[in-house]
Amino acid sequence: MFYASFCDAADELGIHRPRSSLICEIPDAPPCFEDDHVERTWDGHAARLIWTALNLASDGLEAWLAPFLGYRPRVGVMWGGFDLSGTRHRAQPTVPPPHQPPFMQNAQLDTYVSMGFSFGDAKAPNVGMYAYIWPQPDGLGDRSWGVEGAAWHPDAGLVRLPWAKLRETADPHQAIVAFGDAVETAGWPSDLVGPRVEGWYMSKTPPALVQHQHG
């Protein structure tokens, strides 16, 4: 069974097994992965494309979150469709709209900007980056979103950057960062965002000297 084989492989790599095998948000799925006995064909090419997309999107999301000095949880995976999501929170209380599910009301207790990546689904095959702002300000239809091809979709309440448009940019990683920065609300205090540093280290030592010292 694939799930058991996956857990065994994870153990060999020193990766903890999932805490729960419950399946959620997947239509017509059994209750748990152990109960899934349907035979499926492994598509290595599709798996490679999925990994490439997730790797690029998560890298861009992490770079966008990095200079933010407020609360910013790590990039997370949304189980329903394996979306990725990164959020910048501002400690400014808001009032959630009534009659929303409890998890949505809890999420809307404070102002935030969220950006993510989605593979889409059969009903809405919108592969690419998306972003939304809470509370939603006026005038979003007339704004520029930092990357050619990004546009506001009032029916969904999202700004979308199609994957095809993102891949056409000269630097997709930087385009994701620019997209997130453009979505950022203009009214947020500027001191919430620090300088962005590319790379893991800040060093003023010339590379040639480093090579000489460690050569």
Specify the closest pair of heavy atoms between [X] and [Y], including all atoms of both residues, with the distance to one decimal.
X	Y	value
Val113	Val183	CG1-CG1, 3.9 Å
Val147	Ala175	CG2-O, 3.2 Å
Thr111	Pro135	OG1-CD, 3.8 Å
Ala107	Tyr112	O-CE2, 3.3 Å
Leu69	Asp191	CD1-O, 3.4 Å
Gln108	Pro97	OE1-CD, 3.1 Å

Close side-chain approach of [X] and [Y], heavy atoms under 4.5 Å:
X	Y	answer
Pro73	Ser85	no
Met115	Met129	yes
Trp64	Arg88	yes
Leu166	Ile176	yes
Leu140	Trp145	yes

Any chance you could pull the hydrophobic cluster mates of [X], using side-chain heavy atoms under 4.5 angstrom and chaining through other members?
X	answer
Leu22	none
Met104	Phe103
Phe2	Phe6

Point to revise | Which residues share a side chain to side chain donor-acceptor pair (under 3.5 Å) with Trp134, sequence neighbours left out | key: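 Checked Trp134 against side chain to side chain donor-acceptor pair (under 3.5 Å); matches are Thr94.
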Check your understanding: With sequence neighbours left out, what residues match Asp110 under side chain to side chain donor-acceptor pair (under 3.5 Å)?
Key ->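 Per chain and number, Asp110 pairs via side chain to side chain donor-acceptor pair (under 3.5 Å) with no residue.
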Within [range] or reaching into it, pairs that qualify as side chain to side chain donor-acceptor pair (under 3.5 Å) - sequence neighbours excluded:
range	value
residues 95-105	none
residues 12-23	Asp8-Arg17, Asp11-Arg17, Ser21-Glu34
residues 51-63	Asp59-His173

**Study point:** For Asp142, side chain to side chain contact (heavy atoms under 4.5 Å, CB included) partners two or more places apart
**Key:**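 Side chain to side chain contact (heavy atoms under 4.5 Å, CB included) check on Asp142 returns nothing, list empty.
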Check your understanding: Which residues satisfy the side chain to side chain contact (heavy atoms under 4.5 Å, CB included) test with Ala29, sequence neighbours excluded?
Key ->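 Once residues adjacent in sequence are excluded, the partners of Ala29 under the side chain to side chain contact (heavy atoms under 4.5 Å, CB included) criterion are Ile23, Ile26.
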Review point. Looking only at atom types and distance, does a side-chain atom of Arg74 sit under 3.5 Å from a main-chain N or O of Gly86, one as donor and one as acceptor?
Key: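 No, the answer is negative, given that no donor and acceptor are paired below the 3.5 Å cut-off.
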Exercise answer: donor-acceptor pairs, residues 154-163 side-chain atoms, under 3.5 Å, sequence neighbours excluded:
none

Exercise for review: Using the test salt bridge (charged side-chain N to carboxylate O under 4.0 Å, His left out), find all partners of Asp36 that sit at least two apart in sequence or belong to another chain.
Suggested key: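 Arg40.
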